[in-house]
Amino acid sequence: MADAFRIERHGDVAIVVPASEVESLQWELVEQASELVLAPIAEMDTPLVIIDLSEVEFFGSVFLSLLLRTWKAVFQHGGTMVLCGVSNR
């Protein structure tokens, strides 16, 4: 699961880069994935988060629920979350 996400810090911004493995993310792993993604965000005062989807061609409802959890955590701390690298599909 740790290989499914890369998290980079650039100053006050956290960039979350999911790998193509998230395309088949199963419900059983969503909690573990949430912990990986949300842990660094929880340490930020006002989270500024970019989700870079350039390595992902599609995703299902499990990954969508993870995106919503992430957005909710960022929003509750007064931060901003944006998506980039979204496929035209």
Side-chain angles (χ1 to χ4, degrees):
M1 178 56 56
D3 294 337
F5 297 92
R6 187 173 73 244
I7 301 175
E8 304 170 1
R9 293 291 300 264
H10 296 273
D12 293 338
V13 178
I15 302 174
V16 179
V17 185
S20 61
E21 286 86 357
V22 301
E23 295 172 358
S24 59
L25 186 62
Q26 301 297 312
W27 281 112
E28 300 82 30
L29 298 175
V30 76
E31 289 300 324
Q32 185 180 1
S34 291
E35 290 174 13
L36 282 170
V37 172
L38 296 178
I41 293 169
E43 298 173 2
M44 302 171 76
D45 292 329
T46 305
L48 302 173
V49 179
I50 298 172
I51 308 291
D52 181 354
L53 297 173
S54 60
E55 296 182 20
V56 179
E57 289 193 37
F58 66 91
F59 54 83
S61 59
V62 177
F63 184 68
L64 182 58
S65 73
L66 177 61
L67 286 177
L68 290 172
R69 281 185 192 195
T70 305
W71 174 81
K72 186 175 179 180
V74 168
F75 182 76
Q76 287 176 337
H77 288 93
T80 302
M81 181 181 108
V82 298
L83 303 178
C84 74
V86 179
S87 169
N88 289 333
R89 297 174 83 186

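- Tested against T70 for a side-chain contact (heavy atoms from CB on, under 4.5 Å), the candidates L67, L66, L68 yield a single pass: L66.
- No chain of hydrophobic side-chain contacts below 4.5 Å, direct or via other Ile, Leu, Val, Met, Phe, Trp or Tyr residues, connects V16 to M44.
- Across all their heavy atoms, V56 and P18 have their closest contact at CG2-O, 3.6 Å.
- Classified by interplanar angle (parallel below 30°, tilted 30° to 60°, perpendicular above 60°), the ring pair W71/F75 is parallel.
- Each side-chain hydrogen bond (donor to acceptor under 3.5 Å, both in side chains) pair with one or both residues in residues 18-28, not counting sequence neighbours, would appear here, but there are none.
- The heavy-atom pair separating T46 from G78 by the smallest distance is CG2-O, 3.2 Å.
- Between V22 and F5 the shortest side-chain heavy-atom distance falls below 4.5 Å.
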Please walk me through it: do R69 and E31 pass side chain to side chain contact (heavy atoms under 4.5 Å, CB included)?
CA-CA 10 Å; R69 281 185 192 195; E31 289 300 324; 2.8 Å; yes

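- The two atoms that bring P47 and V74 nearest to each other are O-CG1, 3.8 Å, heavy atoms only.
- R9 approaches P40 most closely through the heavy-atom pair NH1-O, 4.3 Å.
- With side-chain heavy atoms closer than 4.5 Å counting as contact, directly or through intermediates, the hydrophobic cluster containing V82 also holds V13, I15, V17, L48, I50.
- Of all the heavy atoms in I51 and V49, the pair that sits closest is CD1-CG1, 3.8 Å.
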